[in-house]
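Structure record follows, encoded as structure tokens.
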Amino acid sequence: MSKTTEPQKQSLSSRQRCPQASGLESLAPLVRSVDETPDPIPTTIRGTIPTWINGSFLRNGPGKFEFGKDRYTHWFDGMAMMHRFHICEGSVTYSSRFLRSDSYVRNSEKNRIVVSEFGTLAMPDPCKNIFARFFSRFQIPKATDNASVNFVKYKGDYYVSTETNYMRRIDPQSLETKEKVDWSQYIAVNSATAHPHYDREGATYNMGNSYGKHGFFYNIIRVPPPGDKAAAKDSADLTGAKVLCSIRAAEPRKPSYYHSFVMSENYIVFIEQPIKLDLLKFMLYRIQGKSFHKVMTWEPQYETIFHLVNRHTGKESEVKYCAAPMFTLHQINAYEDNGFLVMDMCCGDDGEVIGDFTLENIRRESGEEMDKFYNTLCRNLPRRYVLPLTVDKQTPLDQNLVTLHGCKATAKKTKPNEVHMTHEELHDNELLQYGGLEFPQINYDKYNGRPYRYFYSCGFGHVFSDSLLKMDKGTSLLTGPGDAYVILPPVFVASPGATDEDDGVVLSVIITPKEEKSTFLLVLDAKTFTELGRAEVPVNIPYGTHGVFNEMG
């Protein structure tokens, strides 16, 4: 398979390089409300589920899209539903529960939407008089605790998280909702991502915003490992959390949206990308009757800035690393190599994508209407950026500083304390036929922050992912099931005593939109990417994003 290195192809955007769709099926069945299954039910096993897999595959995502006559308008807004596939001695049970967030409880009590979400603005109470409804628009709404994005872990406890300042602690076995946790009660931040990183000592790292009279800052957070007495407590504990570094926004009135960040053994990199939040619009959006996603805009006149921070000292590098405008949600991995920081991530050339996932778009009819929507979306592809770590006054100008063998990424010092980078494509032409990829996963426990070879991800031949991919240094491709399937993002689980990087299994959840109650848990051999077994679930499950494997489950 040949590399896509021809100049005429490289000048095209990632969307233009991927094939146009024709005859796509509607995804409406995947974004409809479903009932929860609080008591575990058995599944039907086809093939063999390895007996060494003992734990719970936990997933999260939207599962309820209306209350009474009120309907959510954006996919992100659906009420969080947690799913648990409990795997033990070759058998699997399934259970699910709605997160009993304040948003869910209040909406349920009123039987209408009373809490604003990312793309849906809650309307004033119709029972109030006209003056009360008018002045209610001038009240700044509280952030939602509808934590529908991911399961995260702090000090040994599981939480579900979104991108506000609220999380909810969860019992990973019963899926019971426990207390609400407000980050701002522990540390001076107004939000946190749903994609923390973990070091090998048990500490958790994340990022959150803060803003005030001194400006807008991106903050790197560290939560220490659990203490000796942590196991005896049944309460949320973020004590000891601290801000390692505060990074001032390059554009204080237009800070960047971010979904995740980069971490290696010794560094954290925050990527300030040109998806901008207009703070003036943010303050006025309720008065204007607009939802939150309306204040986010793709502004490619701004470059992408990589902020390099020493993970141990919290000191930010004086060197400004920058690159052409790009959009990224998820990083693959990062590691240090002979004085360079190698960063691999899924990137696209158009950041309009986030606001496009309205339920109206996702529920378009099969064929021309769905094709038209899909063909306008950004395609994300794996890229590599390389940061030279030893730039100083003696570093020459306008010379490629990247000397890693076989690496095509470049980095040039263009002025004092400024380095401009170009990326290397980590794929060949075959990947384009799958519509690019997203939701990358590695053997995280052993290879996060270290040189690695493999990653697993989803291909996007549809608006929602429709294939599973195994990438080998970006040059070869193995695929899991496709054809009328919708694939939920994979998770890697290592075999006991594994020595090879890909010795283990890949877990995913597969949905067939054309059929009722056709969901199954898929178990693939991570080496060969062939099916070992599946566990068929006799309930409907909506599309979701992230999941984790809980060995204690």
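- A salt bridge does not link Arg97 with Asp39: none of the charged nitrogens is closer than 4.0 Å to a carboxylate oxygen.
- Side-chain polar atoms of Tyr258 and Thr328 form no donor-acceptor pair below 3.5 angstrom.
- Lys178 has no carboxylate O lying under 4.0 Å from a charged side-chain N of Asp157, or vice versa, which leaves the two without a salt bridge.
- Annotation: cation-pi pair Arg450/Tyr335 absent, no NZ/CZ under 6.0 Å from the ring centroid and within 45° of its normal.
- Between the side chain of Asp70 and the backbone N or O of Glu66 there is no donor-acceptor pair closer than 3.5 Å.
- The shortest heavy-atom contact between Glu501 and Phe492 is O-CZ, 3.6 Å.
- No side-chain N or O of Ser260 forms a donor-acceptor pair with one of Thr193 less than 3.5 Å apart.
- Arg169 and Glu179 are joined by a salt bridge, as a carboxylate oxygen and a charged side-chain nitrogen come within less than 4.0 angstrom of each other.
- Within the 4.5 Å cutoff, the side chain of Arg32 has no heavy atoms near those of the Lys64 side chain.
- Scanning both residues, Asn540 and Lys517, for their nearest heavy atoms gives OD1-N, 2.7 Å.
- The backbone N or O of Cys346 sits nowhere less than 3.5 Å from a side-chain atom of Gln331 that would complete a donor-acceptor pair.
- Between Phe76 and Phe357, the angle of the ring planes stays under 30°, which puts this pair in the parallel group of the 30/60° scheme.
- Ring to ring, Trp75 and Tyr543 are close: their centroids are under 6.0 angstrom apart.
- Panel note: side chain Thr313, backbone Lys315; a donor-acceptor pair is recorded below 3.5 Å.
- For Tyr211 and Phe216, the ring centers sit closer than 6.0 Å to each other.
- Ring planes of Phe118 and His74: perpendicular class, angle over 60° (limits at 30 and 60°).
- Within a 6.0 Å radius of CG in Asp171, more than 12 heavy atoms belonging to other residues, nucleotides or ligands are found.
- Counting only distance, with no hydrogens or angles, the side chain of Asn150 and the backbone of Val152 share no donor-acceptor pair below 3.5 Å.
- With hydrogens and angles disregarded, no donor-acceptor distance shorter than 3.5 Å links the side chain of Asn333 to the backbone of Ile442.
- Annotation: Tyr159 is not in aromatic contact with Trp183 [ring centroid separation under 6.0 Å not met].
- A distance-only check finds no donor-acceptor pair linking the side chain of Asn206 to the backbone of Ile221 [under 3.5 Å].
- Each of Tyr218, Phe261, Phe217 was evaluated against Phe270; a single residue qualifies, Tyr218, per the ring-ring contact (aromatic ring centres under 6.0 Å, His included) test.
- Note: Asn443 CG to Asp503 CG = 9.5 Å, rounded to the nearest 0.5 Å.
- Residues Ile170 and Met82 come closest through the heavy atom pair CD1-SD, 3.5 Å.
- Annotation: cation-pi pair Lys153/Phe151 absent, no NZ/CZ under 6.0 Å from the ring centroid and within 45° of its normal.
- Ion pair Arg71/Glu117 not flagged as a salt bridge, since none of the NZ, NE, NH1 or NH2 atoms sits closer than 4.0 Å to an Asp/Glu carboxylate oxygen.
- A donor-acceptor pair under 3.5 Å is formed between the side chain of Asn146 and the backbone N or O of Gly78.
- Residues Tyr257 and Glu163 have side chains that bring a donor and an acceptor to within less than 3.5 angstrom of each other.
- Tyr94 pairs in a ring-ring contact (aromatic ring centres under 6.0 Å, His included) with only one of the listed residues (Phe85, Phe57, Phe520), which is Phe85.
- Within the 3.5 Å criterion, the main-chain N or O of Tyr104 finds a donor-acceptor partner in the side chain of Ser108.
- Counted by atom type alone, Asp77 and Thr120 present one or more donor-acceptor pairs between their side chains at under 3.5 Å.
- Taking 4.5 Å as the limit, some side-chain heavy atom of Arg168 sits within range of a side-chain heavy atom of Asp145.
- Residue Phe464 forms a side chain to side chain contact (heavy atoms under 4.5 Å, CB included) with just one option from Ile487, Val486, Leu488, and that option is Val486.
- Residues Thr164 and Ser191 are not in side-chain contact: their nearest non-hydrogen atoms beyond the backbone lie 4.5 Å or more apart.
- Listed for the Ser33 side chain is a donor-acceptor partner under 3.5 Å among the backbone atoms of Phe65.
- When side chains are defined from C-beta on, Pro538 does not count as touching Glu536, because their heavy atoms never get closer than 4.5 Å.
- Looking at every heavy atom in both residues, Gly348 comes nearest to Cys378 through CA-SG, 3.6 Å.
- Side chain of Glu36 to main chain of Phe98: a donor-acceptor pair is present (N/O by atom type, distance under 3.5 Å, no hydrogens or angles).
- The side-chain tip of Lys470 does not point at the ring of Phe455 from less than 6.0 angstrom away and within 45° of straight on.
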